[in-house]
Amino acid sequence: MNKLNHEKNTQTASYEMGETVYVLPTCTEEEDPESFYYFKQFEKKEGVILEVIEHPRLQYRVKFGQAEAVLYHEELTNGNQQDVPITGTDYQKGWEGDKVEWYTQKEVADLLGVSKATVYHYGKQKKIKKILDPHRLHKEARYEKAEVDRLVYEKQSLPTGMSPNDVAKKLGLSVQSVYKYIQDGSIKAKAVPYGDERITYVISESAYQEAEKSLKPTETQRPKKYEYYDSKNGIALYQRFHSSKIPEARVVRNEENVFGFYLPNIQKWLTYEEGMKTYALKPSYSIHQPTLDYKGYVELEIPKDAVAFYPFVDYLYETWGMENIRLREQDQTIVLFIRAGERPLTTKGFFAADILPFLIKGDIYNEEGHLILRSSYRKTSLELPIDLLESMTELAEQEGISMSKWVEQKLSSLLK
């Protein structure tokens, strides 16, 4: 926080009366919208120096056609030189800013944890009071301290916890999915004001733990559909796309778990919208097939750098369909659960022997041009007391797994 302690810039050579100059913008729209648009109205226009103002800081009154502007030395160029400013501080009495305590725009942004553009909008919305500076004696906008402090206090009194983005990363979901779960009540969250007349949500630690139990799959659970399928756009993880401009694009998720496209030839990630509009990407095959009768699953874990990785994934999507596979992405591998059954093996990209080293459970073999998958599970039935079945069901639900999986784990631990 400051009073009228402001930066003063002096240069090695000032512009002369009557000299022709042009505006040289010193900020972006995001950094300081007000100054940016002030510069914008004089952009590419020829100006003439009408007055040199040396105190309290070197600036000029410049005429651009019928309009006039007051600009600092570093905001001008004569087309031949751009002087390097020497910075210092000066204190001047008598200015209106000396009568009230204030924060600079950057200080307000830091205190509230928002961008400088949001601070600008707060001023427009009268949430905070901007100090007028008609002669532009200060390079950065200033806001009255009392109102800023009030907003800081209000923000500190808001509920604390994780943001939707934090929860998305921890659960391995997209941020859009987290918002959807907040709306349908699967994730409990409190709405708090944020930015320009918007709201965001805060998820407490207890609410997160509750959501984690129901939404985050354990390693013993088969993957859930949202892990590998973007229902909004109808695309699946590692699905192949192409266009006349791009020979190959793969559906992948970025660090925020948002589905998009990766272009291997230029090593670039695109949003779904950019891939569709800019590169006209289209799917190389349909990923849908009729659902097979349930006869268990075959489980594989394949390294992403395996030669057979993409050919095998393409084959599964195109021939078996996403209705018959489940996929979980890990750091270096993917885990696949494929419904037991058989399908024609028409691809030339891999052989059955190429994927056998990655088999975890079940059996895979090629017979007369068909890839045959057999589950290691066999259906059985047990007659048990009802109260015992109810207890087992309750214990399985507490661990977030099916009763069959719970029984399997318990029996496996006893037989070891």
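- Minimum heavy-atom separation, A211 to S186: CB-O, 4.2 Å.
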**Item:** side chain to side chain contact (heavy atoms under 4.5 Å, CB included) between V148 and E144, intermediate numbers included
**Value:** CA-CA 7 Å; V148 174; E144 289 192 8; over 6 Å; no

**Request:** Just do the side-chain hydrogen bond (donor to acceptor under 3.5 Å, both in side chains) check on N165 and S163 with the steps written out, would you?
**Result:** CA-CA 5 Å; N165 189 53; S163 68; 5.1 Å; no

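- For K129 and E147, the salt-bridge test fails: no basic side-chain N is under 4.0 Å from an acidic carboxylate O.
- Heavy-atom contacts from other residues, nucleotides or ligands closer than 6.0 Å to CD1 of I386 number 12 or fewer.
- In this structure, the side chains of V119 and I128 come closer than 4.5 Å at one or more pairs of heavy atoms.
- Two residues are said to be in side-chain contact when any heavy atoms from C-beta on lie closer than 4.5 Å; V167 and Y201 fail this criterion.
- Across all non-hydrogen atoms, the minimal contact from I364 to L359 is CD1-CD1, 3.8 Å.
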**Message:** Between Q105 and R142, does the side chain to side chain contact (heavy atoms under 4.5 Å, CB included) criterion hold? Intermediate values first, please.
**Reply:** CA-CA 6 Å; Q105 187 179 34; R142 298 167 300 143; over 6 Å; no

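- Q59 places no side-chain N or O within donor-acceptor distance of the main-chain N or O of I53, the cut-off being under 3.5 Å.
- Of the possible polar contacts, one joining the Y228 side chain to the I325 backbone as a donor-acceptor pair under 3.5 Å is found.
- Within the 3.5 Å criterion, the main-chain N or O of Y279 finds a donor-acceptor partner in the side chain of S243.
- Residues D354 and V307 are not in side-chain contact: their nearest non-hydrogen atoms beyond the backbone lie 4.5 Å or more apart.
- Using a 4.5 Å heavy-atom cutoff, the side chains of Y103 and L111 are in contact.
- Using cut-offs of 30° and 60° for the angle between ring planes, the H73 and Y15 rings count as parallel.
- Counting non-hydrogen atoms of neighbouring residues, nucleotides and ligands closer than 6.0 angstrom, the CD atom of E205 exceeds 12 such neighbours.
- Between R339 and W320, the shortest heavy-atom distance links the atoms O-CZ3, 3.3 Å.
- When the shell of 6.0 Å around CZ of F351 is examined, it contains 12 or fewer heavy atoms from other residues, nucleotides or ligands.
- Counted within 6.0 Å of CG on D293, heavy atoms from surrounding residues, nucleotides or ligands total 12 or fewer; the atom is thus considered open.
- How far CG of L373 is from CZ of R343: 11.0 Å, rounded to the nearest 0.5 Å.
- Atom OG1 of T291 is separated from atom CE of M322 by 9.5 Å, given to the nearest 0.5 angstrom.
- Ionic pairing of K224 and E227 is not present here: no N-O contact between side-chain nitrogen and carboxylate oxygen is shorter than 4.0 angstrom.
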**Asked** Between V152 and L112, is a side chain to side chain contact (heavy atoms under 4.5 Å, CB included) present by the stated rule, with each step listed?
**Response** CA-CA 6 Å; V152 171; L112 295 175; 3.7 Å; yes

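- At a threshold of 4.5 Å between non-hydrogen side-chain atoms, the residues K232 and Y272 do not count as touching.
- Under the 4.5 Å side-chain criterion, counting only non-hydrogen atoms from C-beta, L336 is in contact with F312.
- Counting heavy atoms from C-beta on, the side chains of F350 and L345 come closer than 4.5 Å.
- More than 12 non-hydrogen atoms from other residues, nucleotides or ligands lie less than 6.0 angstrom from CD of Q398.
- Across all non-hydrogen atoms, the minimal contact from I182 to P164 is CD1-CG, 4.3 Å.
- Remark: I287 CD1 to L237 CG distance equals 11.0 Å, nearest 0.5 Å.
- At a threshold of 4.0 Å, the pair K304-E329 counts as salt-bridged, since one of the basic side-chain nitrogens sits closer than that to a carboxylate oxygen.
- A 6.0 Å sphere centred on CD of Q209 holds more than 12 heavy atoms belonging to other residues, nucleotides or ligands.
- Across every non-hydrogen atom of L58 and S14, the tightest pair is CD2-CB, 4.1 Å.
- For Y229, the ring-ring contact (aromatic ring centres under 6.0 Å, His included) criterion is met by no residue, not counting sequence neighbours.
- One N or O on the side chain of Y285 and one on the backbone of R240 form a donor-acceptor pair closer than 3.5 Å.
- Distance check, rounded to the nearest 0.5 Å: CD1 of I235 to OH of Y317 gives 10.0 Å.
- Using a 4.5 Å heavy-atom cutoff, the side chains of P25 and V23 are in contact.
- Looking at every heavy atom in both residues, P290 comes nearest to N324 through O-ND2, 3.0 Å.
- When atom types are taken as modelled, the side chain of K245 and the backbone of T278 share a donor-acceptor pair closer than 3.5 angstrom.
- The backbone N or O of E318 sits less than 3.5 Å from a side-chain atom of Q289, completing a donor-acceptor pair.
- For K277, the NZ atom counts as loosely surrounded, since its 6.0 Å shell holds 12 or fewer non-hydrogen atoms of other residues, nucleotides or ligands.
- Taking a 6.0 Å sphere around CD of E273, one finds it holds more than 12 heavy atoms contributed by other residues, nucleotides or ligands.
- No donor-acceptor contact under 3.5 angstrom links the side chains of Y60 and E51, judged on distance only.
- Expressed to the nearest 0.5 Å, how far CG of L76 lies from OH of Y22 amounts to 12.0 Å.
- Separating the CG atom in L316 from the CG atom in L300 is a distance of 8.5 Å, to the nearest 0.5 Å.
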**Asked** Does the pair R250 and D314 meet the rule for a side chain to side chain contact (heavy atoms under 4.5 Å, CB included), with working shown?
**Response** CA-CA 10 Å; R250 293 285 175 176; D314 290 338; 2.6 Å; yes

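- In this structure, F309 has its ring center closer than 6.0 angstrom to the ring center of Y238.
- A side-chain donor from one of T333 and E301 sits under 3.5 Å from a side-chain acceptor of the other.
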